[in-house]
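Computed over heavy atoms, backbone and side chain alike; hydrogens, waters and symmetry mates excluded.
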Amino acid sequence: MKNLVDKLYETNILSKDEFIFLLENRNDEIRNYLAEKARSVSQSHFGNKLYVRGLIEFSNYCKNNCYYCGIRRGNKNCERYRLTKDEILQCCENGYELGFRTFVLQSGEDEFYSDDDIAEIVSGIKNKFPDCAVTLSLGEKSYEAYKKFFESGADRYLLRHETADNDHYKLLHPKSLSLENRKQCLYNLKDIGYQVGTGFMVGSPFQTNEHIAGDLMFIKDLNPQMVGIGPFIPHKDTMFAAEKAGTLELTTFLVSIIRLMLPSALIPATTAVGTIDVQGREKAILSGANVLMPNLSPIKVRKKYLLYDNKICTGEEAAECKNCLQSRTMSIGYEIIVDRGDYRP
Ligand code: 5AD
Ligand code: FES
């Protein structure tokens with residue numbers, strides 16, 4: 001087992017069968033060994049410095065109906081909202097003061113905003129904050145739309161593939177969505193020149209170790225600059241309400257594997273991992289994560305952007321989260337810095 005971790009460390013990849021073997025046979029000894037290696041790789045690239053991204057959840061309208069997601073179109077209990085361009089700029093202003101140099105604009109797949117609207121919001125942010133990076137996370141769009149956003153100044157795009165297995169994909173999504181299109185979007189984004197982030201949920205319904213190994217192989221193939229993974233957490237208004245959440249143990253194990261596969265990748269300690277365990281984000285950092293993505297959305301909409309139950313930080317102001325994260329990360333010997341945090345191979 002240790003040999004497999006050493007091989008992963010040295011070659012940055014294992015075969016699919018080796019990944020499955022590692023997942024099937026993991027124990028405390030191998031967990032610790034893997035986490036230590038991943039942490040040291042992360043520290044050799046980033047030291048004890050952590051990057052922060054300010055997340056602005058600007059609309060929770062969504063035309064899709066993913067079975068796991070709390071803001072799916074079919075959820076009639078979800079109170080919908082949209083932020084205006086001025087409100088979004090106000091969030092950035094607030095974030096800039098707090099030391100954020102990357103803004104992540106995330107929404108459901110909301111057709112209310114035209115491609116030109118989005119481009120205008122992006123260029124508005126870039127004009128006002130030329131030293132900041134803009135990351136988009138708006139779901140699946142056409143090649144032309146992605147290109148327009150890029151030309152208006154967007155630097156990065158987050159689009160998790162969710163699962164790289166076709167049959168599993170169909171168990172999590174309605175017929176209108178396909179893995180093929182999702183992957184095409186990711187390759188389009190790379191082609192256009194974005195720094196691209198992908199990822200998947202850990203412990204999603206029906207997920208097997210084979211699926212996870214397939215996710216790892218897909219990530220290796222795509223070679224993204226960012227990889228976001230977090231535990232699946234059930235949402236009460238979805239068909240998966242009674243399913244079990246993913247575990248902290250498997251999430252941190254996979255953070256470490258991904259760190260060894262992609263030594264200089266940007267890997268967040270996600271809000272979801274902080275939701276399943278009070279120390280989840282700290283543990284993800286100690287397993288090789290190097291990014292935090294606190295929320296900059298106005299307090300009045302925080303409780304409406306619920307992809308899953310019990311989401312943390314829905315009552316805290318951005319400044320409170322910044323302080324909280326500062327002391328949490330200091331307590332484990334890390335430091336949040338003021339930096340765009342671009343990918344450096
Ligand atoms: N639990 C955990 N993560 C979720 N996401 C959506 N719904 C859930 C859930 N119930 C994740 C998806 C999506 C990202 C924005 O949030 O992976 O890509
Ligand atoms: Fe939001 Fe701790 S990060 S309160």
Side-chain angles (χ1 to χ4, degrees), residues 12-13 42 45-46 51-57 64 66 101-109 115 118-119 121-122 125-126 132-165 169 177-202 212 214-230 254-255 257-272 288-293 339-345:
N12 309 118
I13 190 64
S42 181
H45 283 266
F46 310 102
Y51 296 134
V52 281
R53 316 328 193 165
L55 181 63
I56 303 167
E57 298 158 336
N64 293 333
C66 304
R101 295 295 178 270
T102 291
F103 303 114
V104 182
L105 301 186
Q106 188 174 80
S107 68
E109 291 200 11
D115 296 344
I118 298 293
I121 292 169
V122 172
I125 297 174
K126 294 294 281 197
C132 292
V134 171
T135 305
L136 297 177
S137 179
L138 319 173
E140 297 176 20
K141 303 267 178 186
S142 67
Y143 189 98
E144 293 67 39
Y146 286 151
K147 195 151 171 38
K148 178 172 278 190
F149 306 155
F150 188 75
E151 283 163 358
S152 73
D155 304 274
R156 311 181 188 139
Y157 205 102
L158 305 178
L159 184 74
R160 291 187 179 177
H161 67 279
E162 312 296 0
T163 172
D165 181 274
Y169 199 90
L177 297 170
S178 76
L179 177 59
E180 196 191 349
N181 192 55
R182 197 132 187 118
K183 286 185 178 174
Q184 189 59 56
C185 285
L186 284 162
Y187 288 109
N188 289 349
L189 289 161
K190 278 206 100 179
D191 183 65
I192 292 165
Y194 284 95
Q195 296 172 47
V196 172
T198 196
F200 59 94
M201 291 177 288
V202 177
I212 295 173
D215 290 322
L216 297 173
M217 300 312 278
F218 171 71
I219 287 171
K220 192 67 191 180
D221 179 61
L222 179 69
N223 192 26
Q225 286 81 13
M226 303 162 279
V227 183
I229 62 164
L254 288 166
V255 164
I257 288 181
I258 294 166
R259 170 59 66 211
L260 294 186
M261 287 169 58
L262 302 171
S264 46
L266 301 155
I267 305 178
T270 55
T271 303
N290 72 316
V291 172
L292 288 160
M293 298 176 67
D339 196 293
R340 273 173 55 120
D342 280 300
Y343 177 78
R344 285 183 208 90

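Remark: D165 engages no residue in a salt bridge (charged side-chain N to carboxylate O under 4.0 Å, His left out) (not counting sequence neighbours). In terms of the salt bridge (charged side-chain N to carboxylate O under 4.0 Å, His left out) criterion, K183 has no residue partners (sequence neighbours excluded).
Remark: side-chain polar atoms of K190 are paired, donor with acceptor, to backbone N or O of L222 under 3.5 angstrom. No donor-acceptor distance shorter than 3.5 angstrom exists from the side chain of Y187 to the backbone of R182, with no hydrogens or angles considered. Judged by distance alone, with hydrogens and angles left aside, the side-chain atoms of N290 form no donor-acceptor pair with the main-chain N or O of P268 at under 3.5 Å. The main-chain N or O of R340 is found under 3.5 Å from a side-chain atom of R53 such that the two form a donor-acceptor pair. A donor-acceptor contact shorter than 3.5 Å links the side chain of D215 to the backbone of A164.
Between the CE atom in M293 and the CG atom in L55 there is a gap of 5.0 Å [rounded to 0.5 Å]. If you take CD on Q184 and OG on S178, they are separated by 10.0 Å, rounding to the nearest 0.5 Å. Annotation: the span from E140 atom CD to L189 atom CG amounts to 10.5 Å, rounded to 0.5 Å. Once rounded to the nearest 0.5 Å, the distance linking CD1 of I257 with CD1 of I219 reads 10.5 Å. Residue L177 holds its CG atom at 4.5 Å from CG of N64, rounded to the nearest 0.5 Å. Annotation: the span from S152 atom OG to I118 atom CD1 amounts to 9.0 Å, rounded to 0.5 Å.
Minimum interatomic distance between A133 and K126 (heavy atoms only, all atoms of both residues): CA-NZ, 4.0 Å. Between L138 and S107, the closest heavy-atom pair is CD2-OG, 3.7 Å. Residues L136 and A154 come closest through the heavy atom pair CD1-CB, 3.8 Å. Of all heavy-atom pairs spanning A269 and A289, the tightest one is N-CB, 3.9 Å. Taking each heavy atom of F103 and C132 in turn, the nearest pair found is CE1-SG, 3.7 Å. Heavy-atom minimum distance, T102 versus V52: CB-O, 4.3 Å.
Between K147 and E151 there is a salt bridge, with a side-chain nitrogen of the basic residue lying less than 4.0 Å from a carboxylate oxygen of the acidic one.
At a threshold of 4.5 Å between non-hydrogen side-chain atoms, the residues L186 and F218 count as touching. Between L254 and L216, some side-chain heavy-atom pair lies under the 4.5 Å cut-off.
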Stepwise side-chain contact (heavy atoms from CB on, under 4.5 Å) check, I229 with V255:
CA-CA 7 Å; I229 62 164; V255 164; 3.9 Å; yes
Check your understanding: For K220 and N12, what are the C-alpha separation, side-chain angles and deciding distance, and is it a side-chain contact (heavy atoms from CB on, under 4.5 Å)?
Key -> CA-CA 9 Å; K220 192 67 191 180; N12 309 118; 3.5 Å; yes
Determine all donor-acceptor pairs shorter than 3.5 Å in which one atom belongs to a side chain in residues 191-201; sequence neighbours excluded.
from	atom 1	to	atom 2	distance (Å)
D191	OD2	Y143	OH	2.5
Y194	OH	Y146	O	2.6
Y194	OH	F150	N	3.2
Q195	OE1	R156	NE	3.3
Q195	OE1	Y343	N	3.4
Q195	NE2	D342	OD1	3.1
T198	OG1	L159	O	3.0
T198	OG1	H161	N	2.9
T198	OG1	H161	ND1	3.2

